Amino acid sequence: DGVYAPGDAVQILVKFSEPVVVDGVPFLVLDGGVDADGDVTEATATFLSGSGSTDLVFEYTVGEGHTSFGLDYVDVQSLNLDQCENCSPRGNIKFASANPTIEAKLLLPPPTSPGSLSATSNIVIDSKIPHIVSLTSSQSPGNYATGDVISILVAFSVQVVVTGTPYILLETGAVDRRANYVGMNDSATLE
């Protein structure tokens with residue numbers, strides 16, 4: 001769960017009913033959202049670990065232009081074997097045994113249905129550049145005198161990390177004044 005930006009790694013867990021062994025590098029095809037041109041962007045989560053268990057871990061690195069308010073895979077056939085189409089032999093996922101021979105079923109629950117990635121997690125992908133959504137104050141409108149403190153809240157579109165000491169330059173008449181940063185109100189709002 002959480003909000004992720006380009007370059008962030010997201011680990012995705014695929015659970016099987018029985019232990020499986022992995023040969024090769026399977027991958028998940030994810031719905032990376034719609035790009036600026038209106039085209040659907042596919043993303044890939046590559047197998048990371050878990051062979052010999054019921055839990056396979058895949059890792060997806062968020063790319064530029066990927067956006068999703070509920071990350072999910074593309075369809076029920078989004079769990080694929082090696083990315084190399086012409087590899088011989090091709091990888092596989094089989095039920096674990098002394099001599100694994102039975103192929104595991106790779107069909108996933110339909111996207112957004114119970115058991116799917118988006119139904120079991122709350123992963124938001126936001127590759128948009130943070131921007132200010134609002135500037136507000138908790139004080140009532142009115143006249144204020146020298147020495148009065150007026151809190152100004154700056155809300156951003158996504159969570160932000162502050163370095164340094166930002167400020168807002170205010171038009172206050174003949175001499176402009178600074179409203180200095182004092183801290184975070186929440187992870188996306190500065191005060």
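Predicted, not measured: the structure shown is a model, and the values here were computed from it.
I150 and S137 make their closest contact through CG2-OG, 3.7 Å (heavy atoms, listed as atom of the first residue, atom of the second, distance). The shortest heavy-atom contact between D126 and P6 is O-CD, 3.9 Å. Shortest non-hydrogen contact noted between A119 and P114 is CB-CA, 4.2 Å. In terms of heavy atoms, V20 sits closest to A104 at CG1-CB, 4.1 Å. Nearest heavy-atom pair across F58 and F47 is CD2-N, 3.4 Å. Scanning all heavy atoms of the two residues, the minimum distance from L170 to A179 falls at CD1-CB, 3.9 Å.
A distance-only check finds a donor-acceptor pair linking the side chain of N80 to the backbone of S78 [under 3.5 Å]. A donor-acceptor contact shorter than 3.5 Å is absent between the side chain of S134 and the backbone of T136. A donor-acceptor contact shorter than 3.5 Å is absent between the side chain of D31 and the backbone of Y73. Counting only distance, with no hydrogens or angles, the side chain of S113 and the backbone of P109 share no donor-acceptor pair below 3.5 Å. For Y144 (side chain) and P141 (main-chain N/O), no donor-acceptor pair under 3.5 Å exists by modelled atom type. With hydrogens and angles disregarded, a donor-acceptor distance shorter than 3.5 Å links the side chain of S51 to the backbone of V22. A donor-acceptor contact shorter than 3.5 Å links the side chain of Q139 to the backbone of S151. Between the side chain of T61 and the backbone N or O of A9, no donor-acceptor pair lies under 3.5 Å.
Side-chain atoms of F16 and L56, non-hydrogen and from C-beta on, do get closer than 4.5 Å to each other. By the 4.5 Å heavy-atom criterion applied to side chains, I12 and L71 are counted as neighbours. Looking at heavy atoms from C-beta onward, I93 lies in side-chain contact with L81 at the 4.5 angstrom threshold. Here the side chains of F156 and I132 are in contact, with some heavy-atom distance below 4.5 Å. Contact of the E59 side chain with the V57 side chain is not registered, since no non-hydrogen atoms from C-beta on lie closer than 4.5 Å. Residues I168 and V154 have side chains in contact (heavy-atom distance under 4.5 Å, counting atoms from C-beta outward). Contact check for M184 versus V160: side-chain heavy atoms found under the 4.5 Å cut-off. Looking at heavy atoms from C-beta onward, V124 lies out of side-chain contact with T67 at the 4.5 angstrom threshold.
Within 6.0 Å of atom CG in L107, more than 12 heavy atoms from other residues, nucleotides or ligands are found, so the atom counts as buried in its surroundings. In the displayed structure, E103 atom CD is contacted under 6.0 Å by more than 12 heavy atoms of other residues, nucleotides or ligands.
Transitive grouping of hydrophobic side chains (ILVMFWY, heavy atoms separated by less than 4.5 Å) keeps L117 and V3 in distinct clusters. In this structure, F27 is not a member of the same hydrophobic cluster as V21, with clusters built from ILVMFWY side-chain heavy atoms closer than 4.5 Å. Placement of L169 and V182 in two distinct hydrophobic clusters is found when ILVMFWY residues are connected by side-chain heavy-atom separations under 4.5 Å, directly or transitively. Residue L48 is grouped with residue L13 when hydrophobic side chains (ILVMFWY) are merged at heavy-atom distances under 4.5 angstrom, including chains of intermediate members.
With rounding to the nearest 0.5 Å, the separation of CZ in F95 from NZ in K105 is 8.0 Å. To the nearest 0.5 angstrom, S49 atom OG is 7.0 Å from Q11 atom CD. The CD1 atom of I125 lies 12.5 Å from the OG1 atom of T41; values are rounded to the nearest 0.5 Å. Distance NZ/K94 to OG1/T101: 6.5 Å, rounded to 0.5 Å. Distance CD1/I102 to CG/N92: 12.5 Å, rounded to 0.5 Å.
Shown are L28, T112, L30, I123; of these, the side chain to side chain contact (heavy atoms under 4.5 Å, CB included) with D72 is made only by T112.
Below 30°, between 30° and 60°, or above 60°: for H66 and Y60 the angle between ring planes is below 30°, a parallel geometry.
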_Stepwise side chain to side chain contact (heavy atoms under 4.5 Å, CB included) test for K15 and D55_ = CA-CA 5 Å; K15 292 182 98 39; D55 299 341; 2.7 Å; yes
_Before you tell me yes or no, could you show the steps for V25 and T46 under side chain to side chain contact (heavy atoms under 4.5 Å, CB included), namely the whole-Å CA-CA distance, both residues' side-chain angles and the distance that decides it to 0.1 Å?_
CA-CA 7 Å; V25 185; T46 306; 3.3 Å; yes
